[in-house]
Amino acid sequence: MPLALLALAVGAFGIGTTEFVMMGLLPDVADDLHVSIPAAGHLVSAYALGVVVGAPLLAAATARMSRRTVLIALMALFVAGNALSACAPGNGSLLAARFVSGLPHGAFFGVGAVVATNMVPPERKARSVSLMFLGLTVANIAGVPAATLMGQHLGWRATFLGVSAIGLVAIASLAFLIPRDHTHAPSTGLRGELAALRSLPVWLALGTTVAGFGALFAAYSYVTPMLTGAAGYAETSVTLLLALFGVGATAGNLLGGRLADHSLRGTLFGGLASLAAVLVLFPLLMRTEWSAALAVTLLGTAAFVTGSPLQLMVMEKASAAPSLASSANQAAFNLANAGGAWVGGLTLAAGWGTTSPALAGAVLAVLGLGVAAAAYTVDRRRATPSTGRVVTTHVPEGATAVHR
């Protein structure tokens, strides 16, 4: 694998750290800015909103630019957003800074996935995407706990300065390691990029992402009360258990990338089915401490097996606009985050029990399987009777058509 993938992973590590560290810093931020914890919780939503807004807009706006230049510029915006967060004098300005920090998130992963796949042979595309996402999953093991400890001992502003420093390292890595000859975008322009998103298979792929990862977040958003209320863990042990989720996510990400290079569709179906099975078993596994730890690890593994296949499938279905489609998939991930948490919350509000969000997640995983099956059916219907290959339309120069 090219060393340039390390630069993408460093950027992903910084993004993953700043995305999830706010959850651990909410009490400190709320106390320092003299706001309630629910009000400080809007800082998490502001970042997610920035991802949803910035992912398609920035990818579309930079469609004609060198992808190497785009990646460096996006990481510079990331550094600026986190530096502004560190210097924010009040809650309102911090909300704005968190929104800015989220803007480059989706576009970076979207454009980065295109660059990663262009640097490797076709049989290693999924693995290249998984190696970029490795930075995101490792952030949950090392980056978020370290940044949280830094914020608790040195103040939450020091955390965002530290994340800004990671961003500067990522910029230097991108500048030195990303080769210029693999970074030119196709000449379709904004209109061509938007036209490529009118395809039904693209929207079915995005729908699979929303349902599949909505299943994860329906359970993961409420994993702390499950661990403390059902499994009997002390609150001080939750951080270590969440690190186990990161270990599982890292293993699942690497496994999914390797398997998807052999069978993209099979890996996707298998991952969603495994996720549904783990979530169905969650209420049983939450009855003892050791099985609860196993459940959290398996949840990360099963969910992230599907990460690389979903990203690659969206890119292939919109081969004329891979950067925009790949970035839109990151927006879909964040919609899954918000939607899954909302669905899980409904079960708790209905009084169905502490572990009920996991069962709601299982329903969403089955829904994701249904959408993926519908996408497969559409592909089969578009296949020619004689060859069984998918009929493709004209692909602009610089784009790659893939038959699956």
Side-chain angles (χ1 to χ4, degrees), residues 11-54 75-106 108 136 138-168 170 217 220-225 227-228 234-243 245-246 333-334 337-338 340-342 344-345:
F13 179 83
I15 289 174
T17 300
T18 200
E19 179 181 17
F20 294 108
V21 74
M22 182 54 73
M23 288 75 160
L25 295 178
L26 281 182
D28 302 274
V29 174
D31 183 64
D32 185 54
L33 298 181
H34 307 293
V35 297
S36 66
I37 289 183
H42 294 157
L43 296 168
V44 177
S45 302
Y47 183 92
L49 180 61
V51 177
V52 174
V53 171
M75 193 50 57
L77 180 59
F78 169 83
V79 171
N82 282 279
L84 288 172
S85 297
C87 302
N91 190 55
S93 56
L94 184 55
L95 278 169
R98 287 293 290 170
F99 176 80
V100 173
S101 299
L103 287 174
H105 177 128
F108 181 88
L136 182 65
V138 170
N140 283 281
I141 302 174
V144 173
T148 301
L149 287 174
M150 178 186 292
Q152 291 171 346
H153 290 85
L154 301 178
W156 62 269
R157 297 179 187 276
T159 294
F160 291 111
L161 288 177
V163 173
S164 296
I166 296 174
L168 292 175
F217 288 110
Y220 187 64
S221 300
Y222 305 98
V223 71
T224 296
L227 291 169
T228 57
E235 291 186 5
T236 53
S237 303
V238 171
T239 300
L240 176 60
L241 291 166
L242 295 184
F245 172 84
F333 276 119
N334 278 267
N337 189 337
W342 177 70

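We count residues from 1, following the sequence as given.
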Checklist line | Full working for side chain to side chain contact (heavy atoms under 4.5 Å, CB included) between Met150 and Val163 | finding: CA-CA 11 Å; Met150 178 186 292; Val163 173; over 6 Å; no
[Y] side chain reached by [X] side chain, heavy atoms, under 4.5 Å:
{"X": "Phe99", "Y": "Leu95", "value": "no"}
{"X": "Asn91", "Y": "His42", "value": "no"}
{"X": "Thr18", "Y": "His105", "value": "no"}
{"X": "Thr159", "Y": "Gln152", "value": "no"}
{"X": "Val51", "Y": "Phe333", "value": "no"}
{"X": "Leu242", "Y": "Asn140", "value": "no"}
{"X": "Phe245", "Y": "Tyr220", "value": "yes"}
{"X": "Asn334", "Y": "Phe217", "value": "no"}

Heavy-atom pair of closest approach, residues [X] and [Y]:
{"X": "Met75", "Y": "Ala170", "result": "CG-CB, 3.9 Å"}
{"X": "Pro104", "Y": "Val100", "result": "CD-O, 3.3 Å"}
{"X": "Ala139", "Y": "Gly16", "result": "CB-C, 3.8 Å"}
{"X": "Tyr47", "Y": "Ile15", "result": "OH-CG2, 3.7 Å"}

Could you measure the distance from the [atom1] atom of [X] to the [atom2] atom of [Y]? Nearest 0.5 Å is fine.
{"X": "His153", "Y": "Asp28", "atom1": "NE2", "atom2": "CG", "answer": "10.5 Å"}
{"X": "Leu94", "Y": "Asp32", "atom1": "CG", "atom2": "CG", "answer": "10.0 Å"}
{"X": "Met22", "Y": "Ser85", "atom1": "CE", "atom2": "OG", "answer": "6.5 Å"}
{"X": "Leu161", "Y": "Ile166", "atom1": "CG", "atom2": "CD1", "answer": "11.5 Å"}
{"X": "Leu25", "Y": "Phe160", "atom1": "CG", "atom2": "CZ", "answer": "6.0 Å"}

Checklist line | Set of ring-ring contact (aromatic ring centres under 6.0 Å, His included) partners for Tyr222, sequence neighbours left out | finding: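 Per chain and number, Tyr222 pairs via ring-ring contact (aromatic ring centres under 6.0 Å, His included) with no residue.
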Notebook entry, point to check: With sequence neighbours left out, what residues match Leu84 under side chain to side chain contact (heavy atoms under 4.5 Å, CB included)?
Noted result: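 If we apply the side chain to side chain contact (heavy atoms under 4.5 Å, CB included) test to Leu84, skipping adjacent residues, the hits are Ala97.
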Checklist line | Any donor-acceptor pair under 3.5 Å from Ser93 side chain to Ala88 backbone | finding: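 Answer holds: no.
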Margin query: Using side chain to side chain contact (heavy atoms under 4.5 Å, CB included), reason through Leu49 and Arg98 one step at a time and then give a plain yes or no.
Written below: CA-CA 9 Å; Leu49 180 61; Arg98 287 293 290 170; over 6 Å; no
